[in-house]
Amino acid sequence: MPPIIKINDAKDHVGQVVTVRGWLKRKTGKGKINFLRVRDGSGIFQAVAFRPNLGDEKFAKVKSLTTESSIILTGEIKADERAPGVPGGYEMDIQEIEIVQLAEPYPIAPKEHGAEFLLDNRHLWLRSDRQWAIQRVRATVIRAIRDWLDEHDFLNVDTPILTPAAGEGTTTLFEIDYHGQPAYLAQTGQLYNEANIFAFGKVYCFGPTFRAEKSKTRRHLQEFWMVEPEIAFCHLDELLEIEEQFVSYIVQRTLAERANELKLLGRDTSKLENVTPPFPRLRYDDAVTMINEAAAAGVTVPPKDEPLTPIEWGDDFGAPHETYIASQFDRPVFVTHYPTAAKAFYMEPDPDRPEVCLSADLLAPEGYGEITGGSERMSEPEKLLAAIHAQGLPEEAFDWYLDLRKYGSAPHSGFGLGVERTVAWLTGVKNVREAIAFPRVLGRITP
RNA sequence: UCCACCGUAGCUCAAUUGGCAGAGCAGCCGGCUGUUAACCGGCUGGUUCCUGGUUCGAGUCCAGGCGGUGGAGCCA
């Protein structure tokens with residue numbers, strides 16, 4: 001029996017007769033020759049059926065194949081520059097064919113489809129070249145995240161998804177019934193991370209988070225994955241150094257390990273090769289000045305080339321403002337020292353200027369927006385309690401959180417990185433819903 | 001919640017001033033020895049989102065509803 005190989009390994013079997021198990025993506029051909037584009041999950045290659053070699057009976061079997069039929073092919077691997085695929089350049093000269101199942105007419109055609117149709121057929125859409133490549137990039141991003149953190153002494157301590165109270169406010173939580181008691185799906189693990197650092201020093205949690213925001217934009221999901229590192233005895237400047245090392249590692253490792261997938265996606269990787277430390281740092285004050293100067297000069301921003309609108313000090317940036325700022329740099333840029341009033345209650349105010357806080361958002365280039373958000377946390381119990389009151393939050397819900405400031409409080413900092421936004425940026429896809437296998441977007445829960 | 005746009009074959013779209021509902025792709029049949037979303041010939045395929053209205057006549061105009069896409073706010 002010939003060995004069963006993965007398409008991705010075809011290059012190691014040139015001249016050998018091997019077996020491949022997979023699915024037919026597409027079939028083209030002429031009277032005596034048929035070309036089968038075959039995928040097996042590891043890669044995509046072409047198998048050639050030539051009637052004089054194969055015989056009429058087996059050739060008729062090949063001709064009967066429908067798109068997405070599951071098949072087992074045996075034949076000789078040949079190197080051929082004309083052979084398309086991923087990685088490409090190798091094809092099989094078919095000698096034997098077994099049809100495992102002849103697929104029914106497949107709804108997804110090799111042409112353009114609308115977003116609604118594709119999302120309705122997400123379970124099938126995942127088989128398409130681009131979606132396959134995106135998910136493989138995602139897996140590498142996730143692995144890079146874990147490897148970097150594990151290798152830099154961060155302990156993975158995961159935080160609960162079922163939670164009793166809001167992390168940042170009650171308006172965007174999914175409420176569920178916890179045995180008769182209201183509970184909420186977590187929108188962040190950060191408060192628990194802050195408990196964990198006092199036990200473990202440096203920690204991260206990594207999992208899905210949930211936001212019931214009525215947001216229907218290409219950057220929003222109801223359920224998305226976030227990694228949140230948190231570090232004890234860490235100030236903002238040290239946090240930024242960690243973040244730029246971390247993000248650069250993720251980008252460079254993806255470039256190294258997923259070159260084929262990025263090529264298939266048509267990604268211009270030259271823009272990603274720039275992503276090395278240090279990243280530029282921009283204070284909120286200076287960002288506002290930049291935006292207002294550009295707005296006065298009539299600068300427009302993609303994707304719709306609408307004019308940039310001026311903003312007032314104290315406003316948070318809109319998506320066009322982020323896009324403009326990011327476009328001024330050749331790698332991700334930190335925007336730091338946002339107005340305290342615009343940010344979450346737990347962020348430490350700047351001791352020299354309490355109206356701004358020790359926060360930092362990292363804006364990805366090319367309009368992909370905020371990929372991390374982080375800050376130094378408030379470490380003094382009195383200040384934290386005052387901030388909770390100022391936000392009108394219920395003090396009793398934060399009893400344990402306040403405890404952390406009573407028993408060996410220390411300066412500490414952390415950030416969250418959104419996996420789907422990062423994957424969308426690296427792959428160049430326009431909408432984050434393509435960066436997760438089964439996206440939960442507003443108004444959709446299936447498939 | 002608000003704003004804009006859209007809804008016609010399995011899919012992507014067309015249909016002049018309100019006047020016979022059409023094309024490409026997919027599917028099926030046939031042809032073709034190197035195809036890259038092949039090509040050539042033929043066939044099949046319709047609750048024009050729903051309800052009501054105007055009209056001799058509505059895919060087209062009007063009203064209401066439903067659904068979708070993008071954006072705002074908010075965020076990763």
Side-chain angles (χ1 to χ4, degrees), chain A residues 25-37 44-54 59 63-64 66-68 78 80-85 88 91 93 103-121 124-125 128-129 167-169 171-172 187-190 208-228 303-304 306 309 315-322 342-344 361-364 368-374 415-425 430-433 435-436 441-444:
Chain A
K25 287 187 59 61
R26 189 157 52 243
K27 183 183 63 176
T28 62
K30 301 203 173 188
K32 291 179 184 168
I33 189 165
N34 267 223
F35 301 96
L36 310 184
R37 198 78 59 85
I44 303 164
F45 80 164
Q46 172 169 281
V48 184
F50 187 43
R51 185 154 69 181
N53 294 351
L54 204 53
F59 191 77
K63 288 202 75 172
S64 76
T66 53
T67 298
E68 287 303 314
K78 293 178 173 174
D80 193 316
E81 285 181 3
R82 295 170 295 187
E91 64 184 25
D93 188 16
E104 292 181 26
Y106 190 62
I108 297 180
K111 64 184 297 261
E112 287 192 21
H113 295 283
E116 184 187 5
F117 175 79
L118 289 171
L119 289 172
D120 283 343
N121 290 285
L124 304 178
W125 187 23
S128 301
D129 292 358
E168 299 177 353
T171 52
T172 62
Q187 57 179 0
T188 172
Q190 186 211 311
T209 52
F210 306 88
R211 305 219 174 150
E213 290 162 353
K214 303 285 188 194
S215 298
K216 286 177 70 175
T217 80
R218 80 186 108 151
R219 296 179 308 280
H220 287 88
L221 294 166
Q222 303 289 294
E223 174 183 318
F224 66 97
W225 282 64
M226 182 159 66
V227 58
E228 296 178 272
K304 291 186 175 177
E306 286 171 271
T309 54
D315 291 344
D316 214 341
F317 300 137
H321 302 128
E322 288 186 353
K343 288 290 181 181
D361 287 352
L362 183 64
L363 307 183
Y368 287 95
E370 188 183 337
I371 52 170
T372 80
F415 67 96
L417 176 135
V419 169
E420 288 77 15
R421 285 190 185 175
T422 303
V423 172
W425 166 44
K430 291 193 171 56
N431 197 308
V432 291
R433 66 189 169 206
I436 185 168
V441 298
L442 190 62
R444 173 182 291 279

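Per chain, numbering begins at 1; letters A, B, ... match sequence-line order. Below, all heavy atoms of this structure are taken into account, side chains as well, without hydrogens, waters or symmetry copies. Just so it is clear, the structure is predicted and the values come from calculations on it, not from any experiment.
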Side chain of R219(A) (C-beta onward), nearest among rA37(B), rC74(B), rG27(B) = rC74(B)
For rC61(B), the Watson-Crick or wobble counterpart (both distances under 3.5 Å) = rG53(B)
So, for E420(A) and W225(A), which heavy atoms are closest and what is the spacing to 0.1 Å?
-> OE1-N, 3.0 Å
State the pairing partner of rG27(B); accept Watson-Crick or G-U wobble contacts with both distances under 3.5 Å, and report none otherwise.
-> rC43(B)
Could K343(A) and D361(A) be called an ion pair, given the rule that one side-chain N must be under 4.0 Å from one carboxylate O?
-> yes
Which of these nucleotides, rU33(B), rC75(B), rG71(B), is closest to any side-chain atom of D316(A)?
-> rC75(B)
Does D80(A) come within less than 4.0 Å of R82(A), counting only side-chain N to carboxylate O?
-> yes
Look at the side-chain N and O atoms of N431(A) and state whether any lies under 4.0 Å from the OP1 or OP2 oxygen of rU69(B).
-> no
Taking the side chain of A109(A) as its heavy atoms from C-beta onward, which of rC11(B), rC25(B), rU33(B) lies nearest to it?
-> rC25(B)
The Watson-Crick or G-U wobble partner of rC5(B), with both key distances under 3.5 Å, is rG68(B)
Any N/O donor-acceptor pair, R51(A) side-chain to rC32(B) base, under 3.5 Å | no
Distance-only donor-acceptor test (3.5 Å): side chain H113(A), base rC11(B) | no
Can you tell me how far P of rC75(B) sits from CG of L363(A), to the nearest Å?
-> 14 Å
rG73(B) pairs with which nucleotide, Watson-Crick or G-U wobble, both distances below 3.5 Å?
-> none
Test for a donor-acceptor pair under 3.5 Å between the base of rU36(B) and the side chain of Q46(A), counting only N and O atoms.
-> no
What does F224(A) touch in the nucleic acid at a heavy-atom separation under 4.0 angstrom: a base, only the sugar-phosphate, or nothing?
-> base
Testing rU35(B), rA72(B), rC75(B) for proximity to the side chain of R421(A), the answer is rC75(B)
Q222(A) CD to rA76(B) P: how many Å, rounded?
-> 15 Å
Check every atom of rG67(B), rA72(B), rA76(B) against the side chain of A319(A) and return the nucleotide holding the closest atom.
-> rA72(B)
Interatomic distance where CZ belongs to R444(A) and C1' belongs to rG67(B) [whole Å] | 11 Å
Return the nearest nucleotide to the side chain of L119(A); candidates are rU69(B), rG34(B), rU33(B).
-> rU69(B)
Of the candidate nucleotides rA38(B), rG68(B), rU36(B), which contains the atom at the shortest distance from the side chain of K30(A)?
-> rA38(B)
Which listed nucleotide (rG70(B), rU33(B), rC75(B)) is nearest to the side chain of R433(A)?
-> rG70(B)
Side chain of K63(A) only, please: which of rC32(B), rA38(B), rG34(B) is the nearest?
-> rC32(B)
Within this structure, what is the CZ-to-P distance between R26(A) and rC25(B), rounded to whole angstrom?
-> 15 Å
Name the pairing partner of rA15(B), where a pair is Watson-Crick or G-U wobble with both distances under 3.5 Å, or state none.
-> none
Check every atom of rC75(B), rU69(B), rG71(B) against the side chain of R218(A) and return the nucleotide holding the closest atom.
-> rG71(B)
